[in-house]
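Values in this document were obtained by computation on a predicted structure and should not be read as measured data.
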Amino acid sequence: LEKMNTPLFANCRLRLPCIAFRVTEVKRKRGRTAHSTYGVKADGLRDLLITTDETLIQFSRAKPIQRTFFLVRPWDRRLLGLPDFSEELAFADEGESVGDLSESESESGSDDTDERSSNSPGEEKLSVDSDVHLRSLRLMVHLGQAFSALLVAQQHVGEYKRVASDQYIIAQVKDPASIDITMNIGTLDIL
């Protein structure tokens with residue numbers, strides 16, 4: 001997850017790093033409105049309703065179709081709780097330069113190696129392990145919360161088109177404990 005690229009828009013394509021949930025069923029709900037409302041089921045997500053002007057092909061596991069649909073959660077690096085070094089660089093530009101900081105440390109004679117060497121290797125490993133564990137728990141909590149999703153439909157192999165919806169598509173994972181089993185992590189090319 002840490003190595004996911006940032007979104008890129010070029011040549012009328014959006015390369016979107018995301019978590020994708022395969023849609024397993026689309027059924028039109030009865031009603032006489034200008035827009036169509038569909039009941040949508042996806043692996044690992046709670047059932048939801050989508051309202052759109054577009055006509056979607058209805059399908060289910062019993063009546064599958066060739067075309068693939070996904071509900072997509074765009075990837076956000078902040079979910080990992082990693083530092084954003086671009087913010088630190090902007091801060092350094094406003095104040096001292098990085099060279100100024102290293103010079104002031106050497107002038108003051110402070111050396112962090114003494115502090116670090118006082119910790120035993122076991123303490124350092126425990127600290128790193130607990131930090132990783134804490135970040136993992138935070139990620140699980142964030143992924144279990146409701147999110148704004150995109151509905152995409154396969155156009156060609158590896159290319160998708162967004163299905164416009166009249167309202168935000170709010171999706172939520174059914175069981176946060178099974179998140180890693182039901183989601184596909186990767187990059188989609190959206191036309």
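- Hydrophobic clustering, defined by side-chain heavy atoms of Ile, Leu, Val, Met, Phe, Trp and Tyr closer than 4.5 Å, leaves V157 isolated from every other such residue.
- Tracing side-chain contacts under 4.5 Å through hydrophobic residues (I, L, V, M, F, W, Y), one reaches I57 starting from I169; they form part of the same cluster.
- A donor-acceptor pair under 3.5 Å is absent between the side-chain atoms of S165 and the main chain of Y168, judged by distance alone.
- The line from CZ of R67 to CG of L56 is 8.5 Å long, rounded to the nearest 0.5 Å.
- Contact check for P17 versus P7: side-chain heavy atoms found under the 4.5 Å cut-off.
- At a threshold of 4.5 Å between side-chain heavy atoms, the hydrophobic network of Ile, Leu, Val, Met, Phe, Trp and Tyr places I170 and V26 in two separate groups.
- T37 pairs by the side chain to side chain donor-acceptor pair (under 3.5 Å) definition with T51, not counting sequence neighbours.
- With a 4.5 Å cut-off between side-chain heavy atoms of Ile, Leu, Val, Met, Phe, Trp and Tyr, the cluster of L14 takes in F9, L16, F70, V72, L150, V152, Y160, L188, I190.
- The two residues S60 and K27 come nearest to each other via the heavy atoms CB-CE, 4.4 Å.
- Both I65 and V40 are members of a single hydrophobic cluster when ILVMFWY side chains are connected at heavy-atom separations under 4.5 Å.
- Other residues sharing a hydrophobic cluster with L134 under the 4.5 Å side-chain heavy-atom criterion for ILVMFWY residues do not exist; the residue is a singleton.
- Judged as a side chain to side chain donor-acceptor pair (under 3.5 Å), and not counting sequence neighbours, the contacts of Q154 are T68.
- Separating the CG atom in D76 from the CD1 atom in I19 is a distance of 10.0 Å, to the nearest 0.5 Å.
- Checked against side chain to side chain donor-acceptor pair (under 3.5 Å), R28 has the following partners two or more places apart in sequence or in another chain: S36.
- Put simply, OG1 on T52 and OH on Y38 are 7.5 Å apart, with the number rounded to the nearest 0.5 Å.
- Atom CD of Q167 sits about 9.0 Å away from atom NE2 of H35, to the nearest 0.5 Å.
- The residues D43 and K174 are annotated as not salt-bridged, no charged nitrogen and carboxylate oxygen being separated by less than 4.0 angstrom.
- Checked against salt bridge (charged side-chain N to carboxylate O under 4.0 Å, His left out), D53 has no partners two or more places apart in sequence or in another chain.
- Residues meeting the side chain to side chain donor-acceptor pair (under 3.5 Å) test with E159, sequence neighbours left out: R13.
- Between the CG atom in L71 and the NZ atom in K41 there is a gap of 13.5 Å [rounded to 0.5 Å].
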Test log, rule side-chain contact (heavy atoms from CB on, under 4.5 Å), inputs V173 and F21: CA-CA 10 Å; V173 173; F21 299 87; 4.3 Å; yes

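- Between V163 and A153, the closest heavy-atom pair is CG2-CB, 4.1 Å.
- Partners of R46 under the salt bridge (charged side-chain N to carboxylate O under 4.0 Å, His left out) rule, at least two apart in sequence or in another chain, do not exist in this structure.
- Between E54 atom CD and R162 atom CZ the span is 9.5 Å, to the nearest 0.5 Å.
- For the salt bridge (charged side-chain N to carboxylate O under 4.0 Å, His left out) test, residues two or more places apart in sequence or in another chain that qualify with D189 are R15.
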N/O donor to acceptor pairs below 3.5 angstrom from side-chain atoms of residues 140-149, sequence neighbours left out:
none

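- In this view, F59 and F69 satisfy the ring-ring contact (aromatic ring centres under 6.0 Å, His included) rule, not counting sequence neighbours.
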